[in-house]
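The block underneath contains the structure these notes are about, expressed in structure tokens.
Chain letters run A, B, ... following the sequence lines, proteins first and then strands; every chain starts at 1.
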Amino acid sequence: MKQKVLLGLSGGVDSAIAGYFLKKQGYDVTCCFMRNWDSIANNDIKGNPTLTGSKCSQELDYDDAKKTADELGLPLLRKDFIEEYWKEVFSMFIDTYKKGYTPDPDVFCNKYIKFGHFYDYAKSLGFDTIAMGHYAKRIDENGEAHLYKAFDLNKDQSYFLGQISEEQLSHALFPLSDITKPEVRKIASGLNLSVAKKKDSTGVCFIGERNFKSFLENYLPSKPGQIVDLATNKVIEQHDGILYYTVGQHKGMNIGGIKGRSCAPFFVVGKNVEKNILYVAQEENNSFRFSSRCLIDHFNWIGNDLPSSDYQCNCKFRYRGKDMPVILHLMSKDSAYLTYQDYSYIAKGQIACLYQGNRLVGSGIIEETYDRNYQKIPY
RNA sequence: UGGGGUAUAGCCAAGCGGUAAGGCAUCAGACUUUGACUCUGAUAUGCGGUGGUUCGAAUCCACCUACCCCAG
């Protein structure tokens, strides 16, 4: 009997080709369009370019999903998780911002919505498994599911799956695990799919591309304050809200040339939420951007091979960041230290994803950073 | 109202008689399922103002204006 699969169909080209592959491989495929964001209900007004159009972007994506499903000859369901997304993903996103950290909502959208509620929904309808158009790979070893980077290392999206459990992974399929993005486009063109040339979506998933600052202003009112250069401790500019900036950023601060200083750009190295101060440092000759250790919590290990002692692996501190060698030192079931040599601009709130070769072994949320002497960095 | 100095794009800043470097910022693209980073491109018919010298002036001269420093 054919395995019944519920595929998340977004209206983009990736999940479309995922559906094509599943069907070709002999699965009994049903598509499902998920809707997790409602601009009106969620008070997403300011800077929202889609409100003035006759249809909001989520509805346009649904139209594309419908067309795609028809073109592939697959049935399409539609399911809202708007309330769940707000409660379990978005409120955490806002709370993280309020701490001055930089959250990564898509990671938790995967953990709670796509591989959580969506799977429960599929199960309730009698499906055996779910499938997604992520560029990631699942390999079952010793009877358990392990997560690997996709064959297309340029598109690899395993980073966004770092917080899912082995159990969640074990009932998910990734049909795009061994294909490159250019090949996906080519196949879509060959099939004459209407989304074959649709531009890749970027931006927070379900919220979409737009001016991020004005989006945030809907939920985090602007609160102007000072920008302080850590090298001199002097105020060099004004900011219009400390929460809108992220560590490692250098644009959008309006810091021009300063008399008597070099011409190197300034970067955000930290912030003080209570004092509403944004700390910056000039690129050259500053040690403020470095850390040598960080504390991660929400620790998640994917598999039953959790190491008992210090463990060498690589870490991505940001999506599309480089894999950097680190030593993992577990502190509790939920937290760990990562120790390394002088990495710059590590933003608290981001996900640290641990890799052993191409296998994503675990992840955690960056909670604190420490200097060379393992003293906590106060900003 | 004595002496000295400086005025070049939003900000730093080169230029020293031959037709406005560069950086930062900003904007636009590219890249990107986070905000970023990165990459590419754009940005002074104009050099505080008015005259003058010269074939030719941001560059030399005169005066004016603004700011800075030192004296009083």
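A close approach under 4.0 Å does occur between a side-chain nitrogen or oxygen of A:Tyr319 and OP1 or OP2 of B:U33. Within the 4.0 Å cut-off from OP1 or OP2 of B:C37, at least one side-chain nitrogen or oxygen of A:His250 is found. Residue A:Lys259 has no polar side-chain atom (N or O) positioned under 4.0 Å from OP1 or OP2 of B:C11. Within the structure, every side-chain polar atom (N or O) of A:Gln249 is placed at least 4.0 Å from both OP1 and OP2 of B:G35.
Comparing B:C37, B:A25, B:A36 by their closest approach to the side chain of A:Asn254 singles out B:A25. When the nucleotides B:U33, B:C37, B:G35 are ranked by their closest atom to the side chain of A:Gln350, B:G35 comes out on top. Of the candidates B:G35, B:C37, B:U33, the closest approach to any side-chain atom of A:Asp200 belongs to B:U33. Side-chain atoms of A:Arg318 lie closest to B:G35 of the nucleotides B:U33, B:G35, B:U34. Of the listed nucleotides (B:C12, B:G35, B:U33), B:G35 has the atom at the smallest distance from the side chain of A:Thr102.
Between the side chains of A:His146 and A:Glu144, at least one donor N or O lies within less than 3.5 Å of an accepting N or O.
Taking atom C1' in both B:C63 and B:A20, the straight-line distance is 26 Å, to the nearest Å.
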Handout entry: Secondary structure string for RNA chain B (Watson-Crick or G-U under 3.5 angstrom, | for other-strand pairs)
Key = .(((((((.[[[..)..(...]]].(((((.......))))).....[[[[[..)....]]]]]))))))..
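In this structure, B:G29 is classed as anti because its glycosidic torsion departs from zero by more than 90°.
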Measure all distances between protein nitrogen or oxygen atoms and nitrogen or oxygen atoms of nucleotides 21-23 of chain B, and list the pairs falling under 3.5 Å.
unit_1: B:G23; atom_1: O2'; unit_2: A:Cys263; atom_2: O; d: 2.6

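Among residues at least two apart or in separate chains, salt bridge (charged side-chain N to carboxylate O under 4.0 Å, His left out) pairs with a member in residues 251-269 of chain A are A:Asp229-A:Arg261.
Within 6.0 Å of CZ on A:Arg78 lie more than 12 heavy atoms contributed by other residues, nucleotides or ligands.
A:Phe174 does not carry A:Lys137 over the face of its six-membered ring by the limits of under 6.0 Å from the centre and within 45° of the normal.
Note on A:Phe93: nothing from the nucleic acid sits closer than 4.0 angstrom, heavy atoms only.
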